[in-house]
Amino acid sequence: QVQLAESGGGSVQPGESLRLSCAASGTTYGPYCMGWFRQVPGKEREGVATIDPDGATTYVDSVKGRFTLSRDHAKNMHYLQMNNLKPEDTAMYYCATPTTYVRCRPVRGDWFKTSWGQGTQVTVSS
């Protein structure tokens with residue numbers, strides 16, 4: 001089982017940036033599908049971005065052009081660079097990786113036996 005740990009959350013004003021980090025440990029073999037999800041109280045956890053084993057990234061429409069997901073495979077780290085943050089980006093952010101999946105995209109229903117981190121809070125407010 002893979003263990004994931006997020007960091008980098010915080011409170012910022014609209015238009016500012018944050019970089020979230022996700023450290024993976026445990027059983028990982030080669031590049032793998034990995035993604036970021038977010039959740040606000042009372043709502044379903046929603047996908048934000050994914051990176052597949054070949055390095056191809058997928059973003060949901062609401063973050064396209066503002067968020068960038070990258071990977072440092074040697075360090076077993078993933079990073080979510082979030083620019084031009086908006087109040088609607090406020091949420092708990094989780095990194096995750098599925099044991100198996102239909103497609104490596106930010107849709108929970110396509111993932112199975114998913115490992116999750118503990119989450120890091122992002123708050124965007126003026």
Joining Ile, Leu, Val, Met, Phe, Trp and Tyr whenever any side-chain heavy atoms lie under 4.5 Å apart, the cluster holding Y101 also takes in F37, M92, Y94, W111, W116
(request) Report yes if the side chains of I51 and W36 come closer than 4.5 Å at any heavy-atom pair, otherwise no. (result) no
Counting distance only, does the side-chain N/O of R71 pair as donor-acceptor with the main-chain N or O of D52 below 3.5 Å?
yes
The reported gap from SG in C104 to CG in D54 (rounded to nearest 0.5 angstrom) is 9.5 Å
Under 3.5 Å donor-acceptor, T114 side chain and P98 backbone:
no
Sequence neighbours excluded, the answer for side-chain contact (heavy atoms from CB on, under 4.5 Å) partners of S62 is R38, V60
Shortest non-hydrogen pair, G9 vs T120, comes out as N-OG1, 3.0 Å
Quiz item: Within a strict 4.5 Å, meaning less than it, do heavy atoms of the M34 and L4 side chains meet?
Solution: no
Scanning both residues in full, the closest heavy-atom pair of F112 with V102 reads CE1-CG2, 3.6 Å
Exercise. Determine whether R66 and M82 make a side-chain contact, defined as any pair of heavy atoms from C-beta on separated by less than 4.5 Å.
Key: no
Are the side chain of Q121 and the backbone N or O of Y93 linked by a donor-acceptor pair below 3.5 Å?
no
Is the shortest heavy-atom distance from the side chain of S70 to the side chain of Y79 under 4.5 Å? yes
Rounded to the nearest 0.5 angstrom, the CD-CD distance for E46 and E44 is 10.0 Å
Is there side-chain contact between P106 and T50, with heavy atoms separated by less than 4.5 Å? yes
Value for CG (N76) from CD (Q3), rounded to nearest 0.5 Å, stands at 11.0 Å
Contacts under 3.5 angstrom, residues 12-23 side chains, donor-acceptor by atom type, not counting sequence neighbours:
unit_1	atom_1	unit_2	atom_2	d
E16	OE1	Q13	N	3.0
S17	OG	N83	OD1	2.9

(request) Answer whether the closest heavy-atom distance between the side chains of F67 and D89 falls below 4.5 Å. (result) yes
